[in-house]
Amino acid sequence: MQTNFLDRAIAAVAPLHAAKRLHARAFMDAFGQTNGAATAMAGGEGPPPATSGGRRSSAPARDAKSDSLPMLRSQRGDSRELARTSPIACGAINTNVDRVVGTGVALSANPNLYVLGWTIEQAMAWKRKTQVEFSLWADSAESDQCNTLNFYEQEALVLRSTLESGDSFTLLPKGDPTPTQPYSLRLQVLEADRIGNPLGAIDSALVSGGVRMAATGAPEAYHVYDRHPGSLLQLGMPGGRGGMYSGEWIPCKGPSGRRRILHHYRKLRPEMPRGVPYLAPIIDCIKQITQYTEAEISAAVISAYFTVFVKTPTGNSAPIFDGDKPKASSPEINLGKGRVVDLAPGEEVEFANPLRPNPNFDPFIQAVIRQMGMALSIPYELLIKKFDASYSASKAALLDAGIYFRSVRTWLARSFCQPVYETWLGEAVAIGRIEAPGFFTDPLLRWAYCQAAWHGDSMGSINPKDEVRAYLDAVDGRLMTRERAEWELFGTDFNDTLDAKAAEQARLKAADLLPVPKAGAAAPTTKPTTEPTP
């Protein structure tokens, strides 16, 4: 580090203090927080990155906490504001929620037959019973602590809150059973700001962002504020902002091992305690695009006012535009339909051409949105909801998006749906509504009972005829089950629709309305009832 005049002056009279001063400056420079370090360490926003000669300097190598926590508060605010006001940001988040959750990610119980020693018939009977009981709880708004959303609507809330804020939390308190709801499990989704250090304390090695870590780095408990720190109700409270930091530590699990709180975020780096908003990589880009769009709109509006300049030989304004005259005596000057206006000798009329709208506006915006789509893992065509390319290009875009949305759906199932299901199933077995021998005594049996798949709406198709044919060939070739094919094609459960299909087929047969084979089609083959003689 280079020393300045003050450093050398202090070193001349107090070498020890000069050495401590240089050590402190080197430490602060290493974290890129020479100015406003206390604010950044306390969870506020640090200074902008240093620049030299118009070029960004090299970023220091810091751990996940130092890179993410100081900027989280401002990033959350910007992300939520853009989700409310920016069409691009709002569209990206809505596309995620619609494609990942849609009408809901549904339970498909899948107990392990080999561990439990069951036949397929026993497994199907247990599956039907369990799914009916789960629907009794999940379909009701009584599963929500606030009594407003059912389980599937809370899936969308968890995903949306996580995308906008970087992470979210779900408390699993116990309520009182009601005549219409025999289960006591309730869900309460919390916004990211409700979790923070006690009294707004500075992050430490074991407590960061409201998360208390064990020596191994595993989260032990979360400090939950009694209300949102940004609530306007904080104004006028005794002690200024004292009320915003009151709260309590909620352990991850209770004494019995039951989950008490779930933390929903995508961990991008080792030792990363909190999540980063989905829009974080493009916040500055969206802001600049918004400003540019508003400027172009303003310019286009201004250009809509037709402007005429009158040129005179002397360069002075024409008498009719003389501002010294009283306003009442000045005639009104404007343009009209087919109007003839006399001009004085030597005066000429010149029309303004503001060159608006800008013909380069749309190509430039599209180029920037393409880069945004890369950062958000959403293809450009899907981000702007415009498919004007070839069939193969549009299909490739949907396939690429499908891979991303499937990964997010899997994350949502593992972070929210499956833990909630396991907690609910434990209660259902404990109160005797579901039979599961050995559930509380053998961890392997409990794991076998809790196995489940979570399916959602279909990702859609561009050419349904060919795609359905491909699935039929895969089913006939024993490469795919009918259950999976129906989930992926239509987002419905084969086991739920089987009885309806059988009843429909029987009714059609009784009414002699079965489909007639097309001319030239091969007759269906039937399996012989007896073995042929040699």
Side-chain angles (χ1 to χ4, degrees), residues 98-111 113 118-140 150-153 155 387 391 394-395 398-399 402 405-406 409 413 417 421 434 451-533:
D98 293 341
R99 292 279 182 166
V100 174
V101 178
T103 58
V105 182
L107 167 69
S108 177
N110 189 24
L113 278 65
W118 286 353
T119 63
I120 187 64
E121 289 77 14
Q122 289 176 308
M124 291 302 300
W126 190 90
K127 174 178 180 176
R128 284 192 291 268
K129 170 65 175 177
T130 301
Q131 291 186 175
V132 169
E133 285 290 327
F134 183 76
S135 294
L136 171 64
W137 174 81
D139 293 345
S140 172
N150 63 27
F151 173 73
Y152 306 105
E153 292 167 335
E155 291 175 345
F387 295 87
Y391 167 80
S394 300
K395 178 65 176 177
L398 287 179
L399 288 176
F405 292 132
R406 189 174 291 110
R409 182 179 291 173
C417 303
Y421 169 64
I434 297 292
Q451 292 301 290
W454 296 89
H455 301 285
D457 295 339
S458 169
M459 291 297 174
S461 60
I462 297 179
N463 190 347
K465 180 179 179 180
D466 291 344
E467 294 183 20
V468 170
R469 181 71 262 172
Y471 275 95
L472 289 175
D473 291 342
V475 170
D476 293 341
R478 310 298 190 268
L479 302 176
M480 178 181 290
T481 63
R482 295 180 182 273
E483 180 178 2
R484 179 180 173 185
E486 188 163 329
W487 273 119
E488 294 189 6
L489 273 175
F490 308 111
T492 55
D493 191 346
F494 171 81
N495 301 289
D496 292 341
T497 60
L498 178 60
D499 293 339
K501 295 172 188 172
E504 182 182 79
Q505 188 77 357
R507 293 178 62 190
L508 290 174
K509 183 177 181 180
D512 194 21
L513 293 176
L514 289 175
V516 178
K518 296 181 179 179
T525 58
T526 57
K527 185 176 180 180
T529 56
T530 58
E531 294 293 333
T533 56

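For the single chain, residues carry numbers from 1 onward in sequence order.
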Whether R507 side chain and L513 backbone form a donor-acceptor pair below 3.5 Å: no
Which residues share a salt bridge (charged side-chain N to carboxylate O under 4.0 Å, His left out) with D493, sequence neighbours left out: none
Once rounded to the nearest 0.5 Å, what's the spacing between atom CD of E153 and atom CG of D139? 10.0 Å
Distance (rounded to the nearest 0.5 Å) between N150 CG and S135 OG: 10.5 Å
Can you tell me if R478 uses its side chain to pair, donor with acceptor, with the backbone of D476 under 3.5 Å? yes
Partners of E467 by salt bridge (charged side-chain N to carboxylate O under 4.0 Å, His left out), sequence neighbours excluded? K395
How long is the span from the CG atom in D466 to the OH atom in Y471, to the nearest 0.5 Å? 13.0 Å
Look at the side chain of E133 and the backbone N and O of T130, then say whether any donor-acceptor pair between them is shorter than 3.5 Å. no
Rounded at 0.5 Å granularity, tell me how far CG in D496 sits from CD in E483. 9.0 Å
Holding to side-chain contact (heavy atoms from CB on, under 4.5 Å), I want the full list of residues that pass it with L472, two or more places apart in sequence or in another chain. V468, R469
Rounded distance [0.5 Å steps], CG in D473 versus CE in M480: 11.0 Å
Rounding to 0.5 Å, atoms CZ (F490) and OG1 (T497) come to a distance of 10.0 Å
Strictly distance-based, threshold 3.5 Å: is any side-chain N or O of Q131 a donor or acceptor partner for the main-chain N or O of A109? yes
For L398 and F387, what are the C-alpha separation, side-chain angles and deciding distance, and is it a side-chain contact (heavy atoms from CB on, under 4.5 Å)? CA-CA 10 Å; L398 287 179; F387 295 87; 4.1 Å; yes
Which residues pass the salt bridge (charged side-chain N to carboxylate O under 4.0 Å, His left out) test with K501, not counting sequence neighbours? E486
Please set out all donor-acceptor pairs under 3.5 angstrom arising from side-chain atoms of residues 452-459, sequence neighbours excluded.
unit_1: W454; atom_1: NE1; unit_2: Q418; atom_2: OE1; d: 2.9
unit_1: D457; atom_1: OD1; unit_2: T103; atom_2: OG1; d: 2.7
unit_1: D457; atom_1: OD2; unit_2: T103; atom_2: N; d: 2.8
unit_1: D457; atom_1: OD2; unit_2: T103; atom_2: OG1; d: 3.2
unit_1: S458; atom_1: OG; unit_2: G460; atom_2: N; d: 3.1
unit_1: S458; atom_1: OG; unit_2: E488; atom_2: O; d: 2.9
unit_1: S458; atom_1: OG; unit_2: L489; atom_2: O; d: 3.0

Testing the basics here: between C417 and F151, what is the closest heavy-atom pair and its distance to 0.1 Å? CA-CZ, 4.0 Å
V101 and Y152: side-chain contact (heavy atoms from CB on, under 4.5 Å), yes or no, with the steps? CA-CA 8 Å; V101 178; Y152 306 105; over 6 Å; no
Could you list the residues that satisfy ring pair (Phe, Tyr, Trp, His ring centres under 6.0 Å) with F405, not counting sequence neighbours? none
